[in-house]
Amino acid sequence: MKTLKIWRIAFMMLAAFFLASCSSDDDNEDKVEQVTLYVSAETGTYYDLFDAKGEFPMEGMQIQEKGETRWRCVSFLTITGFTYKRGNEYELLVKKTTLANPPQDSSIIRYELIRIVSQTKVE
């Protein structure tokens, strides 16, 4: 009788462990939100994912999400539907998608232009 009780307790603990270790479905869904994105009039340089030694710098636009303090340099093609013009500062409303399962060779974040809030020529 005592052995049966121990087996029941062990089985319940094992079942609880398996149930607790299951990941939720929320972890496998993309996160989509609207954010304000600032684009600098100045360009910068970045390095491709496959340029491990940093030998081939590439020119790109500098972006910053509202609330961030640092600029990031990204490809001119990073924001779908947006064409960057040198010498202009932009405030954009974009759809930001954080991919739950991104491809190995790309960013986990995708931006899609909703609208240009403002565009200012900087001389």
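In what follows, residues are counted from 1 in the order of the sequence shown. Atom set for the values below is all heavy atoms of this structure, side chains included, hydrogens, waters and symmetry mates excluded.
- In this structure the side chain of E65 reaches within 4.5 angstrom of the side chain of R72, judged on heavy atoms.
- Taking both residues in full, the closest heavy atoms of S107 and P102 are given as O-CB, 4.0 Å, listed atom of the first, atom of the second, then distance.
- To the nearest 0.5 Å, the span separating CD on Q62 from CD on E89 amounts to 11.0 Å.
- Across C73 and G44, no two heavy atoms sit closer than the pair SG-C, 3.3 Å.
- Side-chain contact between Y84 and T43 is present, with at least one heavy-atom pair separated by less than 4.5 Å.
- Of the inter-residue distances, the one linking Y90 atom OH with K85 atom NZ reads 5.5 Å to the nearest 0.5 angstrom.
- Counting only heavy atoms from C-beta outward, the side chains of T36 and V117 never approach each other to under 4.5 Å.
- Residues I114 and I116 fall into different hydrophobic clusters, defined by Ile, Leu, Val, Met, Phe, Trp and Tyr side chains chained together at heavy-atom separations under 4.5 Å.
- Residues Y46 and P57 have side chains not in contact (no heavy-atom distance under 4.5 Å, counting atoms from C-beta outward).
- Side-chain contact between M61 and I79 is present, with heavy atoms from C-beta onward closer than 4.5 Å.
- Between F76 and E59, the shortest heavy-atom contact is CE1-O, 3.5 Å.
- To the nearest 0.5 Å, atoms CD1 (I108) and CG (L99) are separated by 7.5 Å.
- Here the straight-line distance linking atom OG1 of T97 with atom CD of E33 works out to 9.0 Å at 0.5 Å rounding.
- The distance from atom OG1 of T78 to atom CZ of R110, rounded to the nearest 0.5 Å, is 11.5 Å.
- V94 is not connected to L77 by any chain of hydrophobic side-chain contacts under 4.5 Å among Ile, Leu, Val, Met, Phe, Trp and Tyr, and they are in different clusters.
- Residues K66 and V35 are not in side-chain contact: their nearest non-hydrogen atoms beyond the backbone lie 4.5 Å or more apart.
- Contact of the Y111 side chain with the L92 side chain is not registered, since no non-hydrogen atoms from C-beta on lie closer than 4.5 Å.
- Residue-environment remark: CD (E42) stays at or below the threshold of 12 foreign heavy atoms within 6.0 Å.
- Counting non-hydrogen atoms of other residues, nucleotides and ligands closer than 6.0 Å to NZ of K95 gives a total of 12 or fewer.
- Both F82 and I109 belong to a common hydrophobic cluster when Ile, Leu, Val, Met, Phe, Trp and Tyr are linked at side-chain heavy-atom distances under 4.5 angstrom.
- Connection of M58 to V39 is not established within any shared hydrophobic cluster, with ILVMFWY side chains joined at heavy-atom distances below 4.5 Å, either directly or through further cluster members.
- Checked by atom type and distance alone, the side chain of N88 never pairs as donor or acceptor with a backbone atom of A41 at under 3.5 Å.
- Here the NZ-NZ distance, from K96 to K31, works out to 6.5 Å after rounding to the nearest 0.5 Å.
- Every residue two or more places apart in sequence or in another chain was checked for a side chain to side chain donor-acceptor pair (under 3.5 Å) with R115, and none qualifies.
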